[in-house]
Amino acid sequence: RYTHRPTSLSWSPDGTKLVAGYTDGSMKGFCPVTGNVLFNIGHKQWVTSVSWSPTSTKIVSGSLDKTIRVWETGSSKHVDELICINVEEMSGYPTSIDWSPDGMSLVSGHSHHDIWLWDVVSGVGMVVPVKYIPKPHQTQWNTYKYSCRSKITSVVWVPDTNEKDDSGLILYGSDDG
């Protein structure tokens, strides 16, 4: 029996795995059929957000330790940390994270009211205004800072079926509504 509370859950898009983040900083992957633990990884503090990549091969996680981590789930028992982004100096801790539809970028909402976009390969990020979200891999990032009046509580990158480049839309929620 696990005694720490789950803080975030995500089903893999292929429906074969579930990942849960916990208050103690751990993250566990489960087989939904058997309930068996597939892997146990984590952060130094409370996990605030977990999300599977569109290909079900990577997990992104955020934590009160002010890091965003991307994990590759090669085999069921072997998980590699691909990248660790320290956001301590930028915008507080990440509260919510999601993948772009093509799996090459991330969007993250933060406790200090900011929304960031990240390149998954390089870990390079940029604060952008919500009214101007660049298409994935756009070379000119807008450098205007977007800020809500309160903490961003959730972000989601929704595929836009009318777009040919798979850019999609980013939706967010915040404490100020």
Quiz item: Given side chains that start at C-beta, do those of Thr153 and Asp175 come closer than 4.5 Å, heavy atoms only?
Solution: yes
Quiz item: Short question: side chain of Ser49, backbone of Ile97 - any donor-acceptor pair under 3.5 Å?
Solution: yes
Quiz item: How far does CH2 of Trp11 sit from NZ of Lys17, to the nearest 0.5 angstrom?
Solution: 11.5 Å
Quiz item: Does any non-hydrogen side-chain atom of Lys28 lie less than 4.5 Å from one of Val19?
Solution: no
Exercise. Mind checking the OG-CD1 spacing from Ser26 to Ile41? Nearest 0.5 Å is all I need.
Key: 9.5 Å
Practice problem: Find out whether Leu106 and Asp98 are in side-chain contact, i.e. whether some heavy atom of one side chain is under 4.5 Å from a heavy atom of the other. | Solution: no
Practice problem: Indicate whether the side chain of Ser108 and that of Trp118 have a donor and an acceptor atom separated by less than 3.5 Å. | Solution: yes
Quiz item: Will you find, in the side chains of His43 and Thr67, an N or O donor that is under 3.5 Å from an N or O acceptor?
Solution: yes
Practice problem: Apply the test side chain to side chain contact (heavy atoms under 4.5 Å, CB included) to residues Met104 and Val121: give CA-CA distance (whole Å), side-chain angles for both, the deciding distance (0.1 Å), then the verdict. | Solution: CA-CA 7 Å; Met104 299 300 292; Val121 176; 4.1 Å; yes
Exercise. Please examine the side chains of Glu72 and Leu82, heavy atoms only from C-beta on, and report whether any two atoms are closer than 4.5 Å.
Key: yes
Exercise. Identify the heavy atoms of Pro94 and Ile68 that sit nearest to each other, and give their distance.
Key: CG-CG1, 3.9 Å
Practice problem: Heavy atoms only: give me the nearest Phe30-Gly35 pair and the separation to one decimal. | Solution: CD2-O, 3.7 Å
Exercise. Grab the two heavy atoms, one from Trp99 and one from Ser51, that are nearest each other, plus how far apart they are.
Key: NE1-O, 3.0 Å
Exercise. First locate atom CD1 of Ile59, then atom OG of Ser10, and finally report the distance between them rounded to the nearest 0.5 Å.
Key: 8.0 Å
Practice problem: Would you please name every residue forming a side-chain hydrogen bond (donor to acceptor under 3.5 Å, both in side chains) with Thr48, sequence neighbours left out? | Solution: none
Quiz item: With distance as the sole test, does Ser8 use its side chain to make a donor-acceptor pair with the main-chain N or O of Val50 at under 3.5 Å?
Solution: yes
Exercise. Kindly write out the residues that satisfy side-chain contact (heavy atoms from CB on, under 4.5 Å) with Ser154, not counting sequence neighbours, or none if the list is empty.
Key: Ser96
Quiz item: Got a donor-acceptor contact below 3.5 angstrom from the Ser56 side chain to the Asp14 backbone?
Solution: yes
Practice problem: Could you walk me through whether Ile152 and Ile115 pass the side chain to side chain contact (heavy atoms under 4.5 Å, CB included) test, one step at a time? | Solution: CA-CA 8 Å; Ile152 302 293; Ile115 294 175; 3.9 Å; yes
Self-check item: Residues Thr95 and His110: side-chain donor-acceptor under 3.5 angstrom
Solution: no
Practice problem: Grab the two heavy atoms, one from Tyr22 and one from His4, that are nearest each other, plus how far apart they are. | Solution: CD2-O, 3.3 Å
Quiz item: Sub-3.5 Å donor-acceptor pair from the side chain of Ser111 to the main-chain atoms of Lys151, do we have one?
Solution: no
Exercise. Test side chain to side chain contact (heavy atoms under 4.5 Å, CB included) on Glu81 and Val70 and set out the steps.
Key: CA-CA 6 Å; Glu81 183 179 317; Val70 177; over 6 Å; no
Exercise. With rounding to the nearest 0.5 Å, note down the distance linking CD in Gln45 to OG in Ser63.
Key: 6.0 Å
Self-check item: Minimum-distance pair of heavy atoms, taken over all atoms of Val107 and Val155
Solution: O-CG2, 3.8 Å
Quiz prompt | Considering all heavy atoms, the nearest Trp52-Pro13 contact | solution = CB-CD, 3.6 Å
Practice problem: Measure from NZ or CZ of Lys58 to the centre of the six-membered ring of Trp71 and say whether it is under 6.0 Å with the direction within 45° of the ring axis. | Solution: no
